[in-house]
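Beneath this line is the structure, given in structure tokens, with notes to follow.
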Protein chains: 2
Amino acid sequence: MTAASPARKRGARAETPITAESIVDTAFRMIDERGHEAFSMRAVATELGVFPATLYWHVGDRAHLLGLVEQRWVNGIETPEASDDWRTWMLELARRYRAHARRHPNVARLVSVERSRNVESLAIPDAIIGTLSTLGLGDDIVHAYNALMGAVRGFVVLELSMASDPPPPSEVDDVEHDMRGIDPDRFPNISQHFHLFADRALSIWWSEESGDSLDDSFEYLLSLLLDGIAARMPKRRRP
Amino acid sequence: MTAASPARKRGARAETPITAESIVDTAFRMIDERGHEAFSMRAVATELGVFPATLYWHVGDRAHLLGLVEQRWVNGIETPEASDDWRTWMLELARRYRAHARRHPNVARLVSVERSRNVESLAIPDAIIGTLSTLGLGDDIVHAYNALMGAVRGFVVLELSMASDPPPPSEVDDVEHDMRGIDPDRFPNISQHFHLFADRALSIWWSEESGDSLDDSFEYLLSLLLDGIAARMPKRRRP
DNA sequence: ACCTGAACACCGTTCAAGT
DNA sequence: ACCTGAACACCGTTCAAGT
């Protein structure tokens, strides 16, 4: 039986008509549930019961489809309602961003490495710039923006790249063993502070369950960033 | 003529013997010079004049080869000599890291997204922990480490993902046009501050030449991070 | 120990041809 | 306008067989 080929006549329409939306839907779900390795144009087509070429008619090529998946992903992030305190607003946005990324780690990771220029996903940048523009930073506003954006998104990407590329369960003990057995002569400092860093730090990490262990580090990073920006605001400003 | 298949007898040795090192060498160079799309197991094999299976004997599979490429890449970063001022040391390391990444953007980007658990590439983490451990941060040392690591590496990854996935020259004008023509009603803040952000900010970027435009933002980020850590050090410490 | 040669099960993408 | 069916030029990986 040819499960891949839909039992339909040449050129005939599908029972359930294929739309760009249904394709993005399916792609998102496949990546989300089964990881980036499960995603391919052919696999999406098979899942929808059509031939690969059909996708190209509706959404263009693979890169374009991933752009649409990215859009859907960022649209899932709700910008916090305006607040009179810029810090709580920024803090809340950063937390929501990270929470959303951790809710869909496979999607978040794939879209953050494959594409980055998408006019449709500028809602969050715009909101951040809006908030920063009230602080009187002058031309430094662009640096504050880049620093926040790069640090927060970057932190989350790195975190995800560890969490969603876990060693196969069969090897997790080997990795842990390697880590615990690192040469104290080559890596004296890691060895000495191993109890603090073990499975709790970027690059020094192996299990999958320790997912919340970077929560405090993320908060620490945010306080560094926001304190620093606050310190660079002009002392007194007129409304 | 079959340029792909080496003119050699079944089972015969290659003239120039293939080593793991020569394979990593070739893979690094191909990614570096021609981008990640030019890299494949088969392409590396062809370049070396051997059959694909040969690579598997020497370096294992694709993921393992990329791990070796990553090692070679990080080994290219020289840790600064010990300094009595932790800030200048940390600053110098961060600058070298970014400079090295920008020297080999294609490699840096590929290895930072594909693998992240490599016992061989812990030299830099170890050095950072060594420096941080002199500051008296207590258990916060792990958060300082994660914040620095995540922010700095993350910033650079995002920066590279814009620089090394440039729109094809044929489309660069379209992208710029799209950016300049964004709807002021949807994105009022970007529109208002467009002159500051145009081609100088993450997600608001199109050309390839504007590569140095994030230099100042990177320095700004570093000062936020280092100032913040300094402020969290105990006021007076005994030697 | 090291490499060939072939095979397997996939990819993304294009295109003429059908309805 | 929308989809099939087939084709093209690729992948990563495995494995028996050679030297």
Side-chain angles (χ1 to χ4, degrees), chain A residues 1-24 26-27 30-31 34-69 110 113-115 165 168, chain B residues 1-24 26-27 30-31 34-69 110 113-115 165 168:
Chain A
M1 123 186 146
T2 59
S5 33
R8 197 177 321 132
K9 280 231 216 81
R10 190 177 234 278
R13 307 295 158 83
E15 331 64 74
T16 317
I18 302 297
T19 64
E21 206 169 347
S22 70
I23 293 171
V24 177
T26 306
M30 290 184 75
I31 299 167
R34 309 209 290 271
H36 71 281
E37 293 185 320
F39 169 76
S40 73
M41 298 299 276
R42 294 182 108 101
V44 171
T46 302
E47 185 100 349
L48 285 167
V50 297
F51 278 75
T54 304
L55 306 192
Y56 289 79
W57 199 92
H58 288 283
V59 295
D61 61 12
R62 183 192 144 98
H64 202 278
L65 173 51
L66 281 179
L68 296 173
V69 170
L110 193 55
V113 302
E114 297 245 8
R115 273 196 48 73
D165 232 18
Chain B
M1 127 185 147
T2 59
S5 32
R8 198 177 322 133
K9 281 231 215 80
R10 188 178 237 275
R13 306 293 159 83
E15 328 69 68
T16 317
I18 302 298
T19 64
E21 206 168 347
S22 70
I23 293 171
V24 177
T26 305
M30 290 183 73
I31 300 168
R34 309 210 290 271
H36 72 279
E37 292 185 323
F39 169 75
S40 72
M41 298 299 275
R42 294 182 106 103
V44 172
T46 301
E47 185 99 348
L48 285 167
V50 297
F51 279 76
T54 304
L55 305 192
Y56 289 80
W57 199 92
H58 289 283
V59 296
D61 61 12
R62 184 193 142 99
H64 201 278
L65 173 52
L66 282 178
L68 296 173
V69 170
L110 192 54
V113 301
E114 296 246 5
R115 272 197 48 73
D165 230 21

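Computed from heavy atoms alone, side chains included, the values below leave out hydrogens, waters and symmetry copies. In what follows, chains carry the letters A, B, and so on, assigned in the order in which the sequence lines appear, proteins first and then strands, with residues in each chain numbered from 1. Bear in mind that the values here come from a model prediction, so they are computed numbers and not experimental data.
- Pairing each heavy atom of A:Ala43 with each of A:Ala38, the nearest pair is CB-O, 3.7 Å.
- Here the closest heavy-atom approach between residue B:Tyr56 and residue B:Asp61 is recorded as CE2-CA, 3.9 Å.
- Distance, A:Met41 CE to D:dC11 C1': 16 Å, rounded to whole Å.
- The CG atom of B:Leu48 sits 16 Å away from the P atom of C:dC2 (whole-angstrom rounding).
- The two atoms that bring B:Ile23 and B:His58 nearest to each other are CD1-CB, 3.5 Å, heavy atoms only.
- The heavy-atom pair separating B:Leu55 from B:Ala45 by the smallest distance is CD1-N, 3.9 Å.
- Residue A:Leu48 comes nearest to A:Ser22 through the heavy atom pair CD2-O, 4.3 Å, listed as atom of the first residue, atom of the second, then distance.
- Side-chain nitrogen and oxygen atoms of B:Ser40 include none within less than 4.0 Å of the OP1 or OP2 phosphate oxygen of D:dC10.
- For DNA chain C, the residues of residues 53-61 of chain A within the heavy-atom distance limit of 4.0 Å (strictly under) are A:Ala53, A:Tyr56, A:Asp61, sorted by number.
- Atom CZ of A:Arg42 and atom C1' of C:dC10 are 8 Å apart (whole Å).
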One pair to check against side chain to side chain contact (heavy atoms under 4.5 Å, CB included): A:Phe39 and A:Leu66. What are the steps and the verdict?
CA-CA 10 Å; A:Phe39 169 76; A:Leu66 281 179; 3.9 Å; yes
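- Atom P of nucleotide D:dC11 and atom CZ of A:Arg62 are separated by 15 Å, given to the nearest angstrom.
- In this structure, A:Glu37 atom CD and C:dC11 atom P are separated by 11 Å, rounded to whole Å.
- Separating the C1' atom of C:dC8 from that of D:dC10 is a span of 15 Å, rounded to the nearest Å.
- Per the geometry, CD1 belonging to B:Ile18 stands 14 Å off C1' belonging to C:dA1, to the nearest Å.
- Using a distance-only test at 3.5 Å, with no hydrogens or angles considered, no donor-acceptor pair links the side chain of A:His36 to the main chain of A:Leu110.
- Here D:dT14 presents its P atom at 13 Å from NE2 of B:His64, a figure rounded to the nearest Å.
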Only Watson-Crick and G-U wobble pairs with both distances less than 3.5 Å should count. Give DNA chain D in dot-bracket notation, marking inter-strand partners with |.
||.|||||...|||||.||
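- Residue B:Phe51 contributes atom CZ, which lies 15 Å from atom P of D:dT19 at whole-angstrom precision.
- Considering only side-chain atoms of A:Ala43, the nucleotide from C:dA7, D:dT4, C:dC11 that sits closest is C:dC11.
- From A:Met41, atom CE reaches atom OG1 of A:Thr46 across 11.5 Å, with rounding to the nearest 0.5 Å.
- Here B:Glu47 pairs with B:Thr26, B:Arg29, B:Met30, B:Arg34 under the side-chain contact (heavy atoms from CB on, under 4.5 Å) rule; sequence neighbours left out.
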